[in-house]
K.L.:
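Please read through the structure below; I'll follow up with questions.
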Amino acid sequence: MHTTPDDIQAAITEQIRAYFQTARPAASDCRWPLTSNTIGADETIAVLDVLLSGRITMGQCVAEFEQAWSRFLGVEHSVMVNSGSSANLLAMSALASPIWKTGLRPGDEVIVPAVTWPTTVFPIVQVGCIPVLVDVDADTLNMTPHAVRHAITPKTRAIMPVHLLGNPCDMTEMMRIADEHNLHVIEDCCEAHGARVGDQPVGTFGEMSTFSFYFSHHMTTIEGGMISVREDEKWSNFLLSARSHGWLRQRSDRDHLARLFGQRDDRWLFVTPGYNLRPMELNAAIGLVQLRQMPDFIRQRAELRRTLLEGLADCEDALRLQRELPGHFHSAFAFPMVLRENAPFTRDALRDHLEAGGIETRPVLGGNLARQPAFEHIPWRAYSKLRVADDIDCNGLMIGINPGVTAEQTEYVIERIRAFVRRTGKTRSRGRNEIPTCREPARTHE
Ligand SMILES: Cc1ncc(COP(=O)(O)O)c(C=O)c1O
C-alpha cells in the first residue's frame, strides 16, 4: 500500500516505464511515415513530474533548457518560445523594433529563399518589411550567395538564409556579403539542428538563429521553438521582454531598468512592445530529455540519408536528389526528389505509386511560395524569375527520414522507387509536369 504522495508518484513512474517496455505509440500506421514518434518513458515521466510539482507555467525547466541549448549550440543566449514560427516573428520584431534608432523600418527589404516554410516569410511582412524572394539552387535547394548579391538594393537591410531540410547554406559567403553591405543575418535553422559548415554549427553565424521543436523535427518538445543569439545581449534582453508581454523579468539589465523607473513596481514594468509567445514548462521538460538523445537521432538520420542516396544512385537520370556543398554536414530532415527534365513519368504518378505502397509523401515545403494564395495578399518582390523554385513546385516531392527505421523498411523504400523508375523508363510514358501549367510569376508584386 502506498502511503505518501512520493510513494504514489514513484509507483506511477514505474508503471510508465513498464508501459513503454511493451509499447511505443506510433505517429502513423504507414510502412514509411513522414514522421515517427520519439516520445518515450523519460519524456512522459518528465511531464508528469512537472504537472505534479505544481510549478507549471514558464519557469525553471524553460531556463534550464535554454542554457542546455546554448551549450549545445555554442552561443551566448537562447530564448525559448512556443514554436519556430514564433521564433522567426520575435527575431524579426527584434530587428524592426521602434526602440532602436537604426532598426528596420516599414518598406525595408529582407532577402529570403522562395522555397521554404511560409512562416520564414510572413514575419517579415508582419513587422512591415518587404520579403524579397530569391531562387534556389537545383542541387542544394538553398538560396545561393550569387542570387543574394543579385537581389540587393539600397533598401535591403537583412538576409534570412534557410538551411533547407538540414542542408547548410554557404554561410561563409553569406556572412561576407552581409559584412560588405552592412546587413543583418538571421539564420532559419528550423529544419537544420546539428547541421554544420565544416566544424561550425549552423545557427552560430548570424546574429540570431531560429529553431523549431515541432513533432517531426530532429528533436521535439511537441510544439516549441528557440531563438539563439550569438553574443549580443541587446538582442536576448529584447527577446526576453517581447516574448512575454514586453515586461522586464529575466532580463540581465533588469536592476538597472528597475532603478530608472523606480516609482513603478518592477514586476509590472513594460519596457518594449511585446507578445505572449511563451512556451510551457511541459515543453521544456520534454526538450531537456530529447536534447540528450538528439545527437543519436541526427546520426541515424544522416546515415539513413546516405543509404537512400546510395540505393537510388541509378535513378539519378530521372530524379534530382539534394546535395550538400563539400565539407558541409547535412542533418537530414527529409528526403526530397525533383524530377529531371527528361524524366519519363509525372511527379503525381510517382507520388501515387509511393502512397499506394504505404510510403507517405508531401510537397517540398510550401513549394514556390510566390505561387501560394496567401502571397496575393501581401507585398513581396522578386528581382529574377524563380525558375528552380517553380520546378520544385511542379515536379518535386519528399518522403520522410526518421530515426529508428529498420534496414528492411529502408530496402523496401529504395526498391519501390527503383522499380517504378525502371518500369516507366521502359514504357516511356508521359513526361513530367510542365512548368508553364503554373501561372507565370510576377517580377514584382505589391
Ligand atoms: C524552415 C522553417 N521555418 C519555420 C518553421 C516553423 O516552425 P513551427 O512549425 O515550429 O512553427 C518551419 C517548420 O517546420 C520550417 O521548416
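Atoms within each ligand, like the ligands themselves, are counted from 1 in listed order. No hydrogens, no waters, no symmetry mates; every other heavy atom, side chains included, goes into these values.
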K.L.:
Around atom 6 (C) of ligand 1, find the nearest protein heavy atom and jot down its residue, atom name and distance.
P.N.:
Ser85 OG, 3.3 Å

K.L.:
For ligand 1, which atoms sit closer than 4.0 Å to a heavy atom of His217?
P.N.:
13 (C), 14 (O)

K.L.:
Only heavy atoms of Asn88, strictly under 4.0 Å: list the atoms of ligand 1 that pass.
P.N.:
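It comes down to these atoms of ligand 1: 3 (N), 4 (C).
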
K.L.:
Please report the closest heavy-atom contact between Ser78 and Ser70, naming both atoms and the distance.
P.N.:
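Scanning both residues, the minimum pair turns out to be OG-OG, 2.8 Å.
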
K.L.:
What protein heavy atom sits nearest atom 4 (C) of ligand 1, and how far away is it?
P.N.:
Cys190 SG, 3.5 Å

K.L.:
Pick one: which of Asp253, Asp232, Val271 meets side-chain contact (heavy atoms from CB on, under 4.5 Å) with Asn237?
P.N.:
Asp253

K.L.:
Decide whether Glu187 and Thr210 meet the rule of one side-chain donor and one side-chain acceptor closer than 3.5 Å.
P.N.:
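Absent: no donor and acceptor within the cut-off.
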
K.L.:
To check your reading of the model: name the closest protein heavy atom to atom 15 (C) of ligand 1, its residue, and the distance in Å.
P.N.:
Trp117 CB, 3.4 Å

K.L.:
Using distance alone, decide if ligand 1 has a nitrogen or oxygen within less than 3.5 Å of any nitrogen or oxygen in Ser212.
P.N.:
yes

K.L.:
Would you check the N or O atoms of Glu191, main chain and side chain alike, for any that come under 3.5 Å of an N or O of ligand 1?
P.N.:
yes

K.L.:
Suppose I only count heavy atoms of Val162 and a 4.0 Å limit; which atoms of ligand 1 are within that range?
P.N.:
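In order of numbering, the contacting atoms are 1 (C).
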
K.L.:
Is there a heavy atom of Glu223 sitting under 4.0 angstrom from any atom of ligand 1?
P.N.:
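So Glu223 does not count as touching ligand 1.
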
K.L.:
Report all side-chain donor-acceptor pairs from residues 89-99 shorter than 3.5 Å, counting only partners two or more places apart or in another chain.
P.N.:
residue: Ser93; atom: OG; partner: Leu89; partner atom: O; Å: 2.6
residue: Ser93; atom: OG; partner: Tyr275; partner atom: OH; Å: 3.0
residue: Ser97; atom: OG; partner: Ile99; partner atom: N; Å: 3.1

K.L.:
For atom 3 (N) of ligand 1, which protein heavy atom lies nearest, and how many Å away is it?
P.N.:
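For this ligand atom, the closest protein heavy atom is Asp188 OD2, 2.8 Å.
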
K.L.:
Check His163, His193, His217 against Phe333 for a ring-ring contact (aromatic ring centres under 6.0 Å, His included) and give me the one that passes.
P.N.:
His217

K.L.:
Regarding Arg249 and Ser244, do their side chains bring together a donor and an acceptor under 3.5 Å, going by distance alone?
P.N.:
no

K.L.:
Indicate, as side chain, backbone, both or neither, the part of Thr210 found under 4.0 angstrom from ligand 1 when only non-hydrogen atoms are considered.
P.N.:
neither

K.L.:
Using a 4.0 Å heavy-atom cut-off, which part of Leu365 comes near ligand 1: side chain, backbone, both, or neither?
P.N.:
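Answer for Leu365: neither.
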
K.L.:
Which atoms from ligand 1 have a heavy atom of Ser83 less than 4.0 Å away?
P.N.:
10 (O), 11 (O)

K.L.:
Determine, for Lys385 against Asp390, whether the closest basic-nitrogen to carboxylate-oxygen distance falls under 4.0 angstrom.
P.N.:
no

K.L.:
Consider only side-chain N and O atoms of Asn88 and Asp188, and report whether a donor and an acceptor are under 3.5 Å apart.
P.N.:
yes

K.L.:
Quick check: does Gly84 get an N/O under 3.5 Å from an N/O on ligand 1?
P.N.:
yes

K.L.:
Any side-chain donor paired with an acceptor under 3.5 Å for Ser83 and Glu223?
P.N.:
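Side chains of Ser83 and Glu223: no pair found under 3.5 Å.
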
K.L.:
Check residues 125-140 and write down every donor-acceptor pair under 3.5 Å in which the side-chain atom is one partner and the other belongs to a residue at least two apart or another chain.
P.N.:
residue: Asp135; atom: OD1; partner: Val388; partner atom: N; Å: 3.3
residue: Asp135; atom: OD1; partner: Ala389; partner atom: N; Å: 2.9
residue: Asp135; atom: OD2; partner: Arg387; partner atom: N; Å: 2.9
residue: Asp135; atom: OD2; partner: Val388; partner atom: N; Å: 2.9
residue: Asp137; atom: OD2; partner: Asp139; partner atom: N; Å: 3.0
residue: Asp137; atom: OD2; partner: Thr140; partner atom: N; Å: 2.9
residue: Asp137; atom: OD2; partner: Thr140; partner atom: OG1; Å: 3.4
residue: Asp139; atom: OD1; partner: Arg320; partner atom: NH1; Å: 3.3
residue: Thr140; atom: OG1; partner: Asn142; partner atom: N; Å: 3.1

K.L.:
Give the numbers and elements of all ligand 1 atoms closer than 4.0 Å to a heavy atom of Thr116.
P.N.:
1 (C)

K.L.:
Need the ligand 1 atom indices (1-based, order shown) with element for anything under 4.0 Å from a heavy-atom of Thr119.
P.N.:
4 (C), 5 (C), 6 (C)

K.L.:
Within the 3.5 Å criterion, strictly below it, is a donor on His330 or Gln322 matched to an acceptor on the partner's side chain?
P.N.:
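Yes - a donor-acceptor pair under 3.5 Å links their side chains.
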
K.L.:
Could you tell me, atom by atom, which parts of ligand 1 come under 4.0 Å of a heavy atom of Thr120?
P.N.:
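This gives 1 (C), 3 (N) as the contact atoms.
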
